[in-house]
There are 2 protein chains.
Amino acid sequence: MKKFTKTLIKNSLRRIFLYRACLNRLKMMGMEKVFSYTLAMEAGVSPDQVRKDFSEFNIKGNKRGGYNIDELLEKMENIFYKNREHNIVLVGMGNLGLALSKYSRFLQRNMNIVATFDIDPFKQKARTEIPVYGMDRLKEIIQRFKVKVAIIAVPEISAQQVCDDLVKAGVKGIVNFAPVLLKTPPNVIVNNVNLCDELESVIYYVHHQLKIEGLKNIELLYGDMK
Amino acid sequence: MKKFTKTLIKNSLRRIFLYRACLNRLKMMGMEKVFSYTLAMEAGVSPDQVRKDFSEFNIKGNKRGGYNIDELLEKMENIFYKNREHNIVLVGMGNLGLALSKYSRFLQRNMNIVATFDIDPFKQKARTEIPVYGMDRLKEIIQRFKVKVAIIAVPEISAQQVCDDLVKAGVKGIVNFAPVLLKTPPNVIVNNVNLCDELESVIYYVHHQLKIEGLKNIELLYGDMK
DNA sequence: TACTTAATGTGAAAAAATTCACAAAAACAC
DNA sequence: GTGTTTTTGTGAATTTTTTCACATTAAGTA
């Protein structure tokens, strides 16, 4: 019997994002090129993994010369996003929604929250510069801004309804902070973020004093890796 | 060459959390027992997966009778957490930190943020009921409340320093919202949450209109699964 | 230029995760 | 009580992911 999950983000893609963050950091530190080895250290993966991931996304370096950081970053930006701006909407202006609407890092990465929605649009209006609309204007605004991606930060109970409305309005991708499995048509991708689970899983490991493989020996992380 | 990553949360454990959320929902809907099939539908995985995961955590059902929801939930709570309360601290009271400190779902799951910290403890003091301390009191308070798990919601630049301080104070598990790979001793578990990456990966898929396997056919999700 | 060294890129091998498939047990029917 | 059906639980098979290993290429050196 097949798996029904609409999962999700491939590991290799997740790591590409990770690599990019590392590259930006290394660049800020004044570096101009990296080897798979360097980047692997920074990202906490194996050099083979880095190369394999690059290979999957058809990113090439120079043999012996490693990778030029700027080229890598440009490739990542251009190939994946074509330097576009992305218009996002956010539904649910509770505490979390409000915080997300103010999260400046989204903007730094060209992800632009053009509008937010709430059943009570007056609630947070004073606290944010991004417009807060009532749910009745969802479709209109999504279509006006050609929004394809939305963030759901509403309570569990209303998440599916909001999701359905978003999909009806033309949204094709959702980051869902409500702890429910949203039912969507197959061409709509959902990425779930469950803050409680993140915390609880850490608690579980701490509780069980689980030793994580490959870290038995801290030297591995910092020392000579030959 | 070995992998250096301090990764992380096993898939099966993540799914156990997912199952629990589903079970709570099903219970609220009035159900008393489930079959692996039912739960799988709700959780968006295969029934085999459910049983395999249960098997890994040594959770047993009754042949032909399925699983009693209350028993399952109790097993999950008792075996994993022994109904303990967990004292957490949160470092970084920016927008995100403030939102997390107010996230009521943590409390519902017995995860109790006993204190928060910020370089400027007066900044958010008026806006929250949880005490906000300066960084100088980190160690004292962590030790007083026997805190083992912390949330880092500080800017990237100071994350490693905060992490080091937490570890020195006795913290064994960290949920890290800063987009850096934290370096920790091997007995400290770190779980990274990168909000930008979550959003960007969705954008990537939407952009590429990637069809997710197993969902080509929506009937699979709702229809007869024989 | 030829020789050495150091890094990439990628099939092959190994490991891990998932799905299959079926024996075993429990519920139900008659 | 016997037979039938349904669902669990788990080794085996399969698929996916990661790591290994090495041929290939480029840079440096004399």
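Within every chain, numbering begins at 1; the chains are lettered A, B, ... in the order of the sequence lines, protein sequences first and strands thereafter.
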**Prompt:** Are B/Lys27 and B/Asp70 close enough for a salt bridge, meaning some N to O gap below 4.0 Å?
**Reply:**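 A salt bridge is present here (some side-chain N lies under 4.0 Å from a carboxylate O).
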**Request:** Determine, for A/Lys33 against A/Glu71, whether the closest basic-nitrogen to carboxylate-oxygen distance falls under 4.0 angstrom.
**Result:**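 Between A/Glu71 and A/Lys33 there is no salt bridge, as every charged N stays at least 4.0 Å from the carboxylate O atoms.
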**Message:** Looking only at side-chain N and O atoms, does A/Asn194 offer a donor or acceptor that is under 3.5 Å from a partner on A/Glu198?
**Reply:**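 Note: A/Glu198 and A/Asn194 side chains miss the donor-acceptor criterion.
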Grab the [atom1]-[atom2] distance between [X] and [N] for me, whole Å please.
X	N	atom1	atom2	answer
A/Asp48	C/dT8	CG	C1'	11 Å
A/Lys63	C/dT4	NZ	C1'	18 Å
B/Asp53	D/dG9	CG	C1'	13 Å
B/Asn11	D/dT17	CG	C1'	11 Å
B/Phe57	D/dT10	CZ	P	15 Å
A/Glu56	C/dT8	CD	P	18 Å
A/Asn68	D/dA27	CG	C1'	16 Å
A/Phe54	D/dT17	CZ	C1'	18 Å

**Request:** For A/Gly65, report the nucleic acid contact type (base, sugar-phosphate, nothing); a contact means any heavy atom under 4.0 Å.
**Result:**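 It contacts nothing in the nucleic acid.
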**Request:** Would you classify A/Lys52 as touching base, sugar-phosphate or nothing, given that sugar-phosphate means primed atoms plus P, OP1 and OP2, and contacts are heavy atoms under 4.0 Å?
**Result:**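 It contacts base atoms.
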**Prompt:** Do A/Gln160 side-chain atoms and A/Lys183 backbone N/O form a donor-acceptor pair below 3.5 Å?
**Reply:**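 Such a contact is found between A/Gln160 side chain and A/Lys183 backbone.
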**Item:** Donor-acceptor contact present, side-chain A/Lys60 to main-chain A/Phe54, <3.5 Å
**Value:**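 Not confirmed, A/Lys60 side chain does not pair with A/Phe54 backbone.
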Strictly below 4.0 Å: does [X] bring a side-chain N or O up to OP1 or OP2 of [N]?
X	N	result
A/Arg51	D/dT19	no
A/Gln49	D/dT17	no
A/Asn62	D/dT25	no
B/Lys60	D/dT10	yes
B/Tyr67	D/dG9	yes

Let's see if you can work this out: which of [options] has an atom nearest to the side-chain heavy atoms of [X]?
X	options	result
A/Arg64	C/dA26, D/dG28, C/dT10	D/dG28
B/Arg15	C/dT18, D/dA26, D/dT7	C/dT18
B/Ser55	C/dT18, D/dT10, C/dG9	D/dT10

